[in-house]
Structure formats: C-alpha cells, structure tokens
Amino acid sequence: MDSRPSETEFILILLIGIGIMIILGIAFILFYFFSQNKFQAEIQKSQKKELEYQAKLLSNNIQIQERERERIARDLHDGIGSKLNVLKLSLHHLKEGGLNAQESDKMMIELDQLLQKTIDTTRNISHELLPPTLANFGLEAALEELVDGYKQASNWEIKYDYTALNSEQIPGDIALNLFRVTQEMLSNSFRYSSANLIQIKVIASQISIVLQYNDNGKGFNLSKEGQFKGSGLQNLEARMRHIQADFKLESEVGKGVNLYIKKDLL
C-alpha cells in the first residue's frame, strides 16, 4: 500500500503552508506598522516635550531680562533720579540767591556730597551691568575679585584655582555668562546651603574652558521644584544654552552641590 500523499493532499498541504506564510507576513506587516506608529508617536511626544521645555526656558529668560530691566530702571529712578532732582533744586536755590555766605557754603558742601553719592550709585549700577574687572582684565581677575568679596563678607573657606593653559582671554560673552553663573552659585550657597567650604576650579585652554563649582552645604532634591530648581536652575540652563556649553548639576540632600560646565572654544 502506497503511504505517499496523493496529489490532492500535497496541494492541500502546499496551500495550507502558503496560507500560514501569508498570515505570518500580514502579522509581520501589521506589527511593523503599529510599531512604527508607536515609535513615531514617541518621537512626536519627545519633540513636543522638548519644544515645551525650550519655550519654558525662553519664557524664563525673557522674565529674567524683564526683572533685570525693572531693577535697573528702579535703581536709576530711586538711586540717581531722586539725587539729580535734589541737585537741581539746590542749584536753583543758589541761583535765586537770598542765602548768606554760611548758608551758601553749607549748601555747597551738601551738593558736593550728594554729587559724590550720585557718582558712586552710577558706578555701582554700571558694575552690576558689566563688572569693569571682567571687561578690563578678563574672567580670571573678575572671579578672583568676586571670591575675595565673599571671603571678606563671611568666615567661609573659599578655594579658588584658575589654570590658564593659553595666554588668550576668554571671549566676552562666554566670560560674562560663566561669571554670572558663578556669581549666582555663590549667592545661592550663602543664602540657602549652610555650607562652610566652597571650591571653584577653572581650567582654560585653547580648545575649551571647564568650570567646576561645589559646596559642602545641605544640598537639595533636584527632582523637586524649589527656589533654585525653579528660577535659579532655569537661569543657569538658559545661560549655558545661550553660549552652547555642556553642563551637569548634581545635588542631594545633605551632600552639597556640584556643578560642572564645559565650553568648547574651537
């Protein structure tokens, strides 16, 4: 008895095999289709989050600029405008006459003192906008002056080390943003961290500049929205993105704060 499948059975097996292959092919195509849709959806979701994050940074940067403008306007109005008004009024009294010699001498002394205060206020506002040491002598000297100021105002230990591997100064925009970030980090350490040791290390070469900042304070939880996490960190991110620098901020409760910044110069 012949046990080989008949021609009809062979055709049936072949059709079943083809059917299984077609089903597997369709299943593969559907799997690929849905996987691609899911992948594209994840990409779009990620892009949307990135756009929202960029918009938030831009909004924060604009708010920072507006607050800075408001502060400058207030300083100009209160610190300089009011003094100029007093100077004008005093000069008007002198011009009108009617004062004896003693009164005139007294008013001249007061005018001289008021004028000196106006000059000092103007210098302070100018210093806030662009520290003259930074503009005239570069980032190394400006950071040293900043550190010395904090040392004199406290009993904290601040270790500052600047290693320059080339004689060229850091470009102005980069230097200013690194200076402002260090200034803000110091301010936050003194106001919030309860640290007693701060270390600032800068290594500048022809190809890059690296800035490292750390304190031994109480630190904070980066995953929670706090004062520094909100405006301070966003300000830091905005400045670093502006100069296209890489940075990493690390902090844990009880373990202080560590900041690493690297900006390629070539």
Side-chain angles (χ1 to χ4, degrees), residues 1-65 165 171 173-174 177-178 181 184-185 188 201-215 217-266:
M1 183 176 180
D2 192 356
S3 61
R4 289 180 300 175
S6 65
E7 184 177 346
T8 301
E9 290 174 334
F10 179 79
I11 294 173
L12 180 60
I13 294 171
L14 181 62
L15 290 174
I16 292 173
I18 293 173
I20 292 172
M21 292 179 63
I22 292 173
I23 292 173
L24 289 174
I26 293 173
F28 177 78
I29 292 171
L30 290 174
F31 174 78
Y32 178 80
F33 176 77
F34 286 114
S35 296
Q36 283 296 104
N37 283 348
K38 185 177 181 181
F39 179 69
Q40 291 296 328
E42 288 296 325
I43 290 178
Q44 291 176 359
K45 185 178 179 181
S46 176
Q47 290 175 340
K48 183 180 178 181
K49 285 185 177 180
E50 179 65 21
L51 288 173
E52 290 174 350
Y53 179 73
Q54 292 291 344
K56 187 176 181 180
L57 280 181
L58 179 59
S59 175
N60 181 73
N61 200 23
I62 292 173
Q63 290 176 11
I64 291 169
Q65 291 176 1
L165 302 179
D173 193 32
I174 297 172
N177 280 280
L178 291 175
V181 165
E184 183 162 359
M185 293 296 296
N188 277 283
K201 184 176 182 180
V202 181
I203 301 176
S205 68
Q206 292 182 343
I207 61 174
S208 67
I209 178 168
V210 173
L211 187 150
Q212 294 174 279
Y213 179 101
N214 62 77
D215 69 35
K218 60 185 180 182
F220 58 92
N221 191 340
L222 276 171
S223 64
K224 292 183 178 180
E225 290 289 338
Q227 185 168 4
F228 186 79
K229 173 63 176 176
S231 62
L233 182 54
Q234 288 178 6
N235 184 23
L236 167 64
E237 289 178 314
R239 288 188 180 279
M240 293 302 95
R241 284 179 178 269
H242 173 68
I243 62 173
Q244 298 180 330
D246 297 323
F247 76 97
K248 184 177 183 181
L249 180 68
E250 296 179 325
S251 183
E252 293 182 31
V253 176
K255 295 187 178 180
V257 174
N258 295 284
L259 174 65
Y260 175 88
I261 296 172
K262 181 180 179 182
K263 167 59 184 171
D264 293 329
L265 301 177
L266 295 180

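It should be emphasised that the depicted structure is a prediction, and the values quoted were computed from it without experimental measurement.
Side-chain contact check for Glu184 versus Leu236: every heavy-atom pair is 4.5 Å or farther apart. No side-chain heavy atom of Asp215 sits under 4.5 Å from any side-chain heavy atom of Met185. Between Asn177 and Asp173, some side-chain heavy-atom pair lies under the 4.5 Å cut-off.
Every side-chain hydrogen bond (donor to acceptor under 3.5 Å, both in side chains) that Asn214 has, sequence neighbours left out, goes to Gln199. Residues meeting the salt bridge (Lys or Arg N to Asp or Glu O under 4.0 Å) test with Lys255, sequence neighbours left out: Glu252. Remark: Leu24 engages Ile20 in a side-chain contact (heavy atoms from CB on, under 4.5 Å) (not counting sequence neighbours). Partners of Gln206 under the side-chain contact (heavy atoms from CB on, under 4.5 Å) rule, at least two apart in sequence or in another chain, are Asn166.
Summarising the local packing, CD1 of Ile207 is surrounded by 12 or fewer heavy atoms from other residues, nucleotides or ligands at distances under 6.0 Å.
Taken from CZ in Arg241 to CG in Asp246, the straight-line distance is 10.5 Å, to the nearest 0.5 Å. Put simply, CG on Asn188 and OH on Tyr213 are 8.0 Å apart, with the number rounded to the nearest 0.5 Å. In this structure, CD1 in Ile174 is found 13.5 Å from CZ in Arg239, a value given to the nearest 0.5 Å.
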Side chains of residues 256-266: which donor-acceptor pairs under 3.5 Å do they make with residues two or more places apart or in other chains?
{"from": "Lys263", "atom 1": "NZ", "to": "Ile243", "atom 2": "O", "distance (Å)": "2.7"}

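Checking side-chain atoms of Ser251 against main-chain N and O of Gly219 turns up no donor-acceptor pair under 3.5 Å.
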